[in-house]
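Note that the structure is a prediction, hence the values are computed from the model and not measured. Index from 1, following the sequence.
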Amino acid sequence: MKTIALDFETACPQPGNACQIGLAWIEGMEVTRVEERFIRPRDMNFTFTWCHGISEEHVWDQPEFPEVLDEFRDELNGALVLAHNAGFDECVMRGCAKTYGVKPPKMDFLCTLMIARAVWPELKSKALNNVASHLGIQFKHHNAAEDANACAQVAIAAALKLGALE
């Protein structure tokens, strides 16, 4: 089964306003590929720039969601998709698909936040940056590619700790 970690950054809280997607492919016990794309959101209403630093200037000439999704659709279809707080990323995917009237890929989501809660109960916070820090993973938080890669690394570390990949 294909395993891909995914992360979205959003321009604002309204559905259908993804402004960046990051993906990290996992094969065996390693990340083999990381991709990132800016997405021009339909509304161009940027209220989360303070968090991720993405603004209108970054995306004004970028493709909208359907074109970006088409680039990765075949790879996401049938994949196990990992996301830290997967409910959020699944909602972004479905919200964007609904906003643009496109069908989302058929994927199974697995939440690495839930995995972190089970595997590292001693950690006070299971937020991605805290789990990554605990594991010695350095990354730029709130960059979709960096977050997807960190999510993939957390999943690999959890699998190794549990002996799931032996």
Task: Met114, CE atom: more than 12 neighbouring heavy atoms under 6.0 Å - done: no
Task: Heavy-atom check, side chain of Ile115 versus side chain of Val154, under 4.5 Å - done: no
Task: Close side-chain approach of Val102 to Leu69, heavy-atom, < 4.5 Å - done: yes
TODO: Output the distance between atom OG1 (Thr32) and atom CD1 (Ile4), rounded to the nearest 0.5 Å.
DONE: 9.5 Å
Open item on the list: According to salt bridge (charged side-chain N to carboxylate O under 4.0 Å, His left out), does anything in residues 138-163 pair up with another residue at least two apart or in another chain? List the pairs.
Closed with: none
- [ ] State, yes or no, whether a side-chain contact exists between Val119 and Leu162 at a heavy-atom distance under 4.5 Å.
- [x] yes
Open item on the list: Between Gln62 and Ile39 (side chain of the first, backbone of the second, donor and acceptor by atom type, cut-off under 3.5 Å), is there such a pair?
Closed with: no
Open item on the list: Starting from Met93, can I reach Phe48 by hopping between I/L/V/M/F/W/Y residues whose side chains sit under 4.5 Å apart?
Closed with: no
- [ ] For the pair Tyr100 (side chain) and Gly95 (backbone), establish whether a donor and an acceptor sit closer than 3.5 Å, ignoring hydrogens and angles.
- [x] no
Open item on the list: Are the side chains of Thr10 and Val92 in contact, using a 4.5 Å heavy-atom criterion?
Closed with: yes
Task: Residues Arg40 and Glu67 bridged, charged N to O under 4.0 Å - done: no
TODO: Rounded to the nearest 0.5 Å, what's the gap from CD1 on Ile26 to SG on Cys151? Could you check?
DONE: 7.0 Å
- [ ] Taking atom types as modelled, find out whether Glu36 and Asn143 have a side-chain donor-acceptor pair closer than 3.5 angstrom.
- [x] yes
Task: Arg37 and Glu35 ion-paired at < 4.0 Å - done: yes
TODO: Can you label the angle between the His52 ring and the Phe46 ring as parallel, tilted or perpendicular, going by 30° and 60°?
DONE: perpendicular
TODO: Flag yes if Val34 and Ile21 sit in one hydrophobic cluster, no otherwise; membership is Ile, Leu, Val, Met, Phe, Trp, Tyr, and two members link when side-chain heavy atoms are under 4.5 Å apart.
DONE: no
Open item on the list: If I take atom CZ from residue Phe8 and atom CD from residue Glu90, how far apart are they, to the nearest 0.5 angstrom?
Closed with: 11.0 Å
Open item on the list: For the backbone of Gly78 and the side chain of Lys2, can you confirm whether one donor and one acceptor N or O come within less than 3.5 Å of each other?
Closed with: no
TODO: Find out whether Asn17 and Thr99 are in side-chain contact, i.e. whether some heavy atom of one side chain is under 4.5 Å from a heavy atom of the other.
DONE: no
- [ ] To the nearest 0.5 angstrom, please state how far the CG atom of Asn149 sits from the CG atom of Asp7.
- [x] 11.0 Å
Open item on the list: Using 0.5 Å steps for rounding, measure from the CE atom of Met107 to the CZ atom of Arg73.
Closed with: 9.0 Å
Open item on the list: Is the ring pair Trp120/His134 parallel, tilted or perpendicular, if the boundaries are 30 and 60 degrees?
Closed with: perpendicular
- [ ] Taking all non-hydrogen atoms of both residues into account, name the closest pair between His58 and Gly53 and its distance.
- [x] CE1-O, 3.2 Å
Task: Any donor-acceptor pair under 3.5 Å from His84 side chain to Lys126 backbone - done: yes
Open item on the list: Would the distance check show the side chain of Thr49 and the main-chain N or O of Ile54 forming a donor-acceptor pair, the cut-off being under 3.5 Å?
Closed with: yes
Open item on the list: I'd like to check Arg117 versus Leu113 (side-chain heavy atoms, cut-off strictly below 4.5 Å). Are they in contact?
Closed with: yes
Open item on the list: Rounded to the nearest 0.5 Å, what separates atom CG in Leu6 from atom CZ in Phe72?
Closed with: 9.5 Å
